Amino acid sequence: KRLVGTFGPLIIFVGLCWAVAGPALAHLLSGGRHTVYWLLLVLLLTMPVQLLTNSTNALTWGLERWRLFTAIKLIVPAGTALTYGVLFVLGDLTVETAGITFLVLGIVVSSLPGLVALRGMGRPEWSSGLARAGVSYGLKVWLAGLATQTNARLDQLLMTRLVSPAQLGLYAVA
């Protein structure tokens with residue numbers, strides 16, 4: 001309860017920073033492709049919700065609510081595979097429908113189990129000491145995670161400006 005009350009506002013603040021930078025980042029990364037721009041923009045503008053969702057979903061792990069935790073981990077990949085398969089069979093799998101599927105499953109649907117975990121926790125409480133300790137630890141973990149994610153996707157990020165969308169798609173799938 002104290003942890004949620006302490007980090008909820010901080011997480012929303014970081015998400016708001018990403019959202020404010022969203023239009024410029026989407027423009028920079030989209031390479032003039034209209035669809036990519038709008039999908040990136042929506043993704044960045046919804047960052048406060050995404051970060052809060054990730055945090056509340058992490059509570060399911062901390063509370064050892066394994067069924068909810070497993071559901072969170074399976075919703076996006078299983079739902080994406082199923083939806084992409086159906087869209088492919090129907091002949092409707094495009095960048096737009098793939099992006100919308102990812103956004104809906106990743107933001108809306110995956111937030112539900114975390115919200116269930118919050119139910120019954122009571123009113124959150126603020127703790128300055130816990131916030132200071134958490135920010136110190138969290139910044140280190142965040143930087144390490146950011147470095148890992150950047151390294152894992154840097155090639156694709158660079159390729160958005162160097163190759164055609166079709167080539168990037170084939171590379172990402174491969």
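All of these numbers come straight from a predicted model, not from anything done at the bench.
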Considering non-hydrogen atoms only, spot the tightest contact between Met47 and Gly15 and give its length. CB-O, 3.8 Å
Could you tell me which non-hydrogen atom of Leu29 sits nearest to which non-hydrogen atom of Arg33, and how far apart they are? O-NH2, 4.4 Å
How many angstroms lie between [atom1] in [X] and [atom2] in [Y], if you round to the nearest 0.5 Å?
{"X": "Thr35", "Y": "Leu40", "atom1": "OG1", "atom2": "CG", "answer": "11.0 Å"}
{"X": "Asp92", "Y": "Leu87", "atom1": "CG", "atom2": "CG", "answer": "6.5 Å"}
{"X": "Cys17", "Y": "Leu44", "atom1": "SG", "atom2": "CG", "answer": "12.5 Å"}
{"X": "Met159", "Y": "Tyr171", "atom1": "CE", "atom2": "OH", "answer": "6.0 Å"}
{"X": "Leu103", "Y": "Thr46", "atom1": "CG", "atom2": "OG1", "answer": "6.5 Å"}
{"X": "Phe69", "Y": "Leu74", "atom1": "CZ", "atom2": "CG", "answer": "10.0 Å"}

Connected via hydrophobic side-chain network under 4.5 Å: Leu105 and Val86: no
State plainly whether one hydrophobic cluster holds both Trp38 and Leu28, where clusters connect Ile, Leu, Val, Met, Phe, Trp and Tyr through side-chain heavy atoms under 4.5 angstrom apart. no
Among Ile100, Thr94, Val95, the one residue meeting side-chain contact (heavy atoms from CB on, under 4.5 Å) with Thr97: Thr94
Side chains of [X] and [Y]: does their closest heavy-atom pair fall under 4.5 Å?
{"X": "Leu45", "Y": "Trp18", "answer": "no"}
{"X": "Leu39", "Y": "Phe102", "answer": "no"}
{"X": "Leu93", "Y": "Tyr84", "answer": "yes"}
{"X": "Pro23", "Y": "Leu41", "answer": "yes"}

Do the side-chain N and O atoms of Thr80 and Thr83 include a donor-acceptor pair separated by under 3.5 angstrom? no
